[in-house]
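To keep things clear, I will list the structure first and then write my remarks on it.
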Amino acid sequence: MLKIENLHVNVDGKEIIRGLDLEVPKGEVHAIMGPNGAGKSTLSYTLAGRDGYEVTDGKVTFQGRDLLDRKPEERAADGLFLGFQYPVEIPGVATLTFLKTAVNAVRRQRGLEEFDAMQFMKLVRGKAKDLNISDEMLKRPVNVGFSGGEKKRNEILQMVVLDPAFCLLDETDSGLDIDAMKVVADGVNALRGPERGMLIITHYQRLLDHIVPDRVHILAEGRIIESGDKDLALELEKKGYASFGTDRAA
Amino acid sequence: MNTSADTLLQTFPADADAERVAARDRFRLLGLPTPKQEAWKFTNLRPLEQFIAAAGKPANDAAPDIPAPLIDDSRRILIIDGRVDGDISVADPAGLSIEQGSHLMPEMGGKRAVRDLAIAMSEDGLRITVAADATVGQALELVFVGTGHRAGGHHFTLELSLAANADLTVVERHCGTQAYAATIASAIRLGDGARLRHVKVQDESQEAFHLADSAVEIGRDGTYERFILSVGARLARDEVHTSLNGQGSSVRLLGAYAGRGQQHLDHTTHIDHAVPNTTSHEVYKGVLDDRSRGVFQGGIKVMKDAQKTAGHQLNKALLLSPRAEIDSKPALEIYADDVVCSHGATAGEIDEDALFYLRARGIDAVTAKNLMVQAFLDEIFDGIADETLRDRLKDRVHAALQPGDNQDA
Ligand SMILES: Nc1ncnc2c1ncn2[C@@H]1O[C@H](COP(=O)(O)OP(=O)(O)O)[C@@H](O)[C@H]1O
Ligand SMILES: [Mg+2]
């Protein structure tokens, strides 16, 4: 479903991703683990199409089509969803307005009819409730004054209402306490299915107790240095990143 | 040599009264302001001079374009090319009276070039008064339409006078087509406890010049709430001088402006806190695209005896293009010691992180930008109590920022 071949990415003229290969078939959940600075967020932003992430070599195909020449909004419409490590605050734009604009923008691009206010509210209300997101929070400007946990739950809410084919979650667990992590993990697990792919990026193993991956990859210094099943995460937790041939501390 | 002042004064009436003559003489002596004058440092009237010099070209004779009302059940008065349209005289039992004719409270407003020009050359004017204790429920909508029929320009004087505890809502709207120069001098006097809500919409033709000068005096416990939306004209200056003359009086000045192309939008305000316990609150927000330029000059003066003054002033500009420009000049002059005053000015660009975040959610770049621009401006519209009016003005400013805005020549 998502296929990355020999990807090289420069940021500010510096090579951060250095020959990365990865394939996530549909129906599977993969995890990427790696030390700080390994290039995890760089990979996420590159896949989502952010300016300033210059692909110097390699190829990415998503659902059989070249991903890299698509605009960010087209990638979202194609079904790629990035949950941000650091969700952005947008003063003055109410969360509900933002969600509705996004959902309808994506539906329009997918050739579906836009939701009217009633249909939309029905969709959001139910999903928000599952994620412990209050009506009051939905009225607030996007992420403004949200706690770390609220921001991450808001990411999952966006993911759920946008109904993506592929979920890319960048350190969605960071800044969450155990209860919030369970809420988030339940939200993610509910989306698991035979037609959907997922790539869960995390620094710690603990999220993977709740979202059990089919495959685990270790990313260090811009490439995948080791891949295995879910036990690789446990092994990594025990031995540390150093034993996998990276000199950076975990 | 024929200066632009002479050209502007060409049709000065022979039977003018002393006040007009004095205004004409001052204007003839000093001419149009130039950037050498501190108060006009950021606004150069050279394009206006060129326009005046070239004027005299055949006037078009298209019928004026009268817009739909902004407030549905308002009392409307049309002013076409500086002349009141039809018979508008009112002396109604509710206490509102409207007289036609060019006269301003002469002692008000000081001697400024735009005032002098408007007073000297106005062919028409309005005097609107509200009697003591009268609340005028029906809003008054003054619609100024420029057609370019009179290439030289048109000038107008407006007097608004509210007696003690009177209450009025006025919408002052300027629009038009073709090229013309419009000046307006206003004198606004609020008696003790009077309350005026004043919404000005500067939506002139994109080829027009708009120069406005208002003098405002507020008595004890009087309240003046002003909102200006400024989207029109190739060059516009809206200058407001407010004196808080009575204890407990307050003024609120809100402004939203949106510039595109090569528009130049100048908002200049002066607030004098003359007595103790007065309040001023001033917020202007602008969005500037292309090569447009915004000017904000905000002066607050607190006299020696004006203790317990609260004065707040803020100008925020969002620059959508690297060639757009904002000049902000706040000026606080404080001679009292027990006061709370603040001022601030910010200029920023679209937040690229937020833009990417919106796009990553499927929202195209243009829509995402619009969403952020609207969010930036919307806050200021909360100051308009009438919901329908608020929505119409919001729609207007959002349309003004679109590339295909039909007001954009
Ligand atoms: N905008 C940037 N400009 C320059 N260097 C950057 C930028 N963003 C990230 N980097 C560098 O790229 C490397 C990878 O960063 P990142 O992808 O954020 O790592 P991770 O998410 O794995 O912690 C780090 O060395 C970081 O300092
Ligand atoms: Mg990261």
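Chain naming here is simple, since letters A, B, ... match the order of the sequence lines and numbering starts at 1 in each. These numbers were taken from a predicted model, which means no experiment stands behind them. All heavy atoms count here, side chains included; hydrogens, waters and symmetry mates do not.
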Looking only at side-chain N and O atoms, does Y86(A) offer a donor or acceptor that is under 3.5 Å from a partner on D353(B)? no
Under 4.5 Å heavy-atom distance to chain B, tell me which part of N143(A) shows up: side chain, backbone, both or neither. side chain
Output the residues of residues 91-103 of chain A for which the shortest heavy-atom distance to chain B is under 4.5 Å, in residue-number order; output 'none' if no such residue exists. P91(A), G92(A), V93(A), F98(A), T101(A), A102(A)
Taking atom NZ of K40(A) as the centre, does the number of heavy atoms from other residues, nucleotides or ligands within less than 6.0 Å exceed 12? yes
Decide if atom CG of D57(A) counts as having more than 12 heavy atoms of other residues, nucleotides or ligands within a radius under 6.0 Å. yes
Taken to the nearest 0.5 Å, the spacing of Y357(B) OH from E155(A) CD works out to 3.5 Å
Please determine whether the number of non-hydrogen atoms from other residues, nucleotides or ligands lying under 6.0 Å from atom CD of E349(B) exceeds 12. no
Any chance CZ of R323(B) has more than 12 other-residue heavy atoms, nucleotides or ligands included, within less than 6.0 Å? no
Under 4.5 Å to a heavy atom of chain B? For R50(A) that would be both
Are there more than 12 heavy atoms of other residues, nucleotides or ligands under 6.0 Å from atom CD of E379(B)? no
Does any N or O in the side chain of Q109(A) come within less than 3.5 Å of the main-chain N or O of G362(B), such that one atom is a donor and the other an acceptor? yes
Is the count of non-hydrogen atoms from other residues, nucleotides or ligands lying under 6.0 Å from E113(A) atom CD greater than 12? no
Quick check on side-chain contact (heavy atoms from CB on, under 4.5 Å): which of E74(A), K71(A), E73(A) does D364(B) satisfy it with? E73(A)
F356(B) to G49(A) - nearest heavy-atom pair and separation: CE1-C, 3.8 Å
Taking R359(B), E352(B), M372(B) one by one, which has the highest count of heavy-atom pairs under 4.5 Å against chain A? R359(B)
Does atom NZ (K3(A)) have a neighbourhood of more than 12 heavy atoms from anything else shown, all under 6.0 Å? no
For R361(B) and V106(A), the nearest pair of non-hydrogen atoms, with its separation, is O-CG2, 3.6 Å
So, the part of P87(A) with a heavy atom under 4.5 Å from chain B: the answer is both
